[in-house]
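Below, all heavy atoms of this structure are taken into account, side chains as well, without hydrogens, waters or symmetry copies. In what follows, chains are A, B, ... by sequence order, proteins preceding strands, each numbered from 1.
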There are 2 protein chains.
Amino acid sequence: MLKPTESELEILQLLWKNGPSSVREINDELNKTKEVGYTTTLKIMQIMHGKELLTRTEKGRYHIYTAAISQEKTQGQLLDRFVDATFGGEAMKMVMQTLGNHKASKEELEAIKKLIENLENN
Amino acid sequence: MLKPTESELEILQLLWKNGPSSVREINDELNKTKEVGYTTTLKIMQIMHGKELLTRTEKGRYHIYTAAISQEKTQGQLLDRFVDATFGGEAMKMVMQTLGNHKASKEELEAIKKLIENLENN
DNA sequence: AATATAATACGACGGGTTTCGTAGATGCAA
DNA sequence: TTGCATCTACGAAACCCGTCGTATTATATT
């Protein structure tokens, strides 16, 4: 399976969040964070289409792009890679470091505890 | 702070795990997983030295390299980046996905539960 | 119909990373 | 001390990614 690049991942995130979008819409979103030229965004999305990371349909004179890979699957694969590359595969070490360094609400912590208890009863 | 590349991170992992090493030792380790030429490894380690990711001392005719950045700090920074890029900053979502997808021992799960309880009491 | 506006397509450049070949230096063994 | 094995240094090539300029096409407006 293909590993999306940094820029590709940003675009995927927007498509996952906002649903099918035009290049213009994606580029506008991106420019809320950083400056990117329109044709730069266009080119990347064309490449992604070539790699089959995106599908697209013509709509009048422009294209509407849709993510062709699922958010969960993609996150899962990138997660695996990351755990291997950065934590030498020690996933639980990463979990503990994340819990220690990132704020979490009471509800989130409860949800995680519940999940762990489910895991322990299997 | 500097973001190590893929290859650089592999080398850092070995240095963190095995302690100060020669290029030869690192290259031998790397070749247990994949084929890499000796001078390739050498060059990367020289670059890392230039970036001050590694320190080195002469020992006879060769060099012994040591990681110049801490494992925890580096992992923490890469973790932050990764959570942002891949999970849109939702760290707890990542934690739950990790728990669901990776095997964990009873001891690890207990340790995590204990950690969460500590967090809840602060 | 002519013009302006906005989209697509695509080639090319620049920076960074990895790989490799080769030259030069150094220590060890015969 | 001569020669061999092994190390360092370094330049150059190959590759990927992101950026941009420009040509072309298509729609909308007057």
Query raised in the report: Between D:dT8, C:dT18, D:dA26, which one does the side chain of A:R61 approach most closely?
Result: D:dA26

Requested in this report: Classify the ring geometry between A:F82 and B:F82 as parallel (under 30°), tilted (30 to 60°) or perpendicular (over 60°).
Outcome: parallel

Query raised in the report: Is the distance from OP1 or OP2 of C:dA7 to the nearest side-chain N or O of A:H63 less than 4.0 Å?
Result: no

Query raised in the report: To the nearest angstrom, how far is A:I64 atom CD1 from C:dA7 atom C1'?
Result: 12 Å

Report task. Would you indicate what A:I47 reaches in the nucleic acid, counting non-hydrogen atoms under 4.0 angstrom: base, sugar-phosphate, or nothing? Result -> nothing

Query - Polar side-chain contact B:K43-C:dG21 base: donor and acceptor under 3.5 Å - result: no

**Report entry** Closest to side chain of B:L42, choosing from D:dT19, C:dA9, D:dA9
**Finding:** D:dA9

Query raised in the report: Can you check whether B:T5 has a side-chain N or O nearer than 4.0 Å to OP1 or OP2 of C:dG16?
Result: no

Query raised in the report: When you check the phosphate oxygens OP1 and OP2 of D:dT8, does a side-chain N or O of B:Y38 lie under 4.0 Å from one of them?
Result: yes

Requested in this report: Name the nucleic acid region contacted by B:E6, choosing base, sugar-phosphate or nothing; use a 4.0 angstrom heavy-atom cut-off, strictly under.
Outcome: sugar-phosphate

**Report entry** Phosphate contact (D:dA9 OP1 or OP2) by B:R56 side-chain N/O below 4.0 Å
**Finding:** yes

Report summary line: Output for pair (B:N27 CG, B:L14 CG), nearest 0.5 Å, gives 10.5 Å

**Report entry** Length of the line joining B:E58:CD and D:dA9:P, which is rounded to integer Å
**Finding:** 8 Å

Report task. May I have the distance from A:I26 (atom CD1) to D:dG18 (atom P), rounded to whole angstrom? Result -> 15 Å

**Report entry** Linked, directly or transitively: B:L119 and B:L79 (ILVMFWY side chains, under 4.5 Å)
**Finding:** no

Query - B:T39 side-chain N/O to C:dC20 phosphate OP1/OP2 under 4.0 Å - result: no

